[in-house]
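Structure first, commentary second.
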Amino acid sequence: MKIRVNVMLKEGVLDPQGKAIGHALEVLGFANVGEVRVGKTMELEVATDDQAAALAQGEAMARELLANLVIEDFAVEVVG
């Protein structure tokens, strides 16, 4: 089963990469773009057919390695 883990900086945490992208978009003429936040997405294949077990495994992986829980939030979803 395939799961997707989305990791984003928590609200209030400075996102310099997002700021740089937002500024570049403005320079390119996209003046109507507001705040830009940058995150990361990981797709993982887990060897189970049980959705609940796949989600639990994804959450455990995110808590232990994929996300820095001090400054990042994460969400796990089954995608296939």
Give me the atom names and distance for the closest heavy-atom approach of [X] to [Y].
X     : Y     : answer
Met1  : Ala54 : SD-CB, 3.7 Å
Val36 : Leu25 : CG2-CD1, 4.4 Å
Leu9  : Glu72 : CD2-CG, 4.0 Å
Arg37 : Val13 : NH1-O, 2.9 Å

Would you give the length of the straight line joining atom CD of Glu43 to atom NZ of Lys2, rounded to the nearest 0.5 angstrom?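 The NZ atom of Lys2 is 5.0 Å from CD of Glu43, to the nearest 0.5 Å.
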
Any chance you could measure Asp15, atom CG, to Glu35, atom CD, to the nearest 0.5 Å?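 The distance works out to 7.5 Å.
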
If two hydrophobic side chains count as joined below 4.5 Å and joins carry through other members, does [X] share a cluster with [Y]?
X     : Y     : answer
Ile21 : Val27 : no
Phe74 : Ile71 : no
Leu69 : Met8  : no
Val76 : Leu65 : yes

Just do the side chain to side chain contact (heavy atoms under 4.5 Å, CB included) check on Thr41 and Arg4 with the steps written out, would you? CA-CA 7 Å; Thr41 299; Arg4 182 176 296 138; 3.4 Å; yes

Assess whether atom [atom1] of [X] is packed by more than 12 heavy atoms of other residues, nucleotides or ligands within 6.0 Å.
X     : atom1 : answer
Lys10 : NZ    : yes
Gln51 : CD    : no
Lys40 : NZ    : yes

Do Ile3 and Val79 pass the side chain to side chain contact (heavy atoms under 4.5 Å, CB included) test, and can you show the C-alpha distance, the side-chain angles, and the key distance before you say yes or no? CA-CA 5 Å; Ile3 59 172; Val79 293; 5.8 Å; no

Would you check, one step at a time, whether the test side chain to side chain contact (heavy atoms under 4.5 Å, CB included) holds for Val7 with Met42? CA-CA 8 Å; Val7 179; Met42 289 140 284; 3.6 Å; yes

If you apply the rule side chain to side chain contact (heavy atoms under 4.5 Å, CB included), what do you find for Val5 with Met61, and how did you get there? CA-CA 9 Å; Val5 180; Met61 288 186 284; 5.9 Å; no

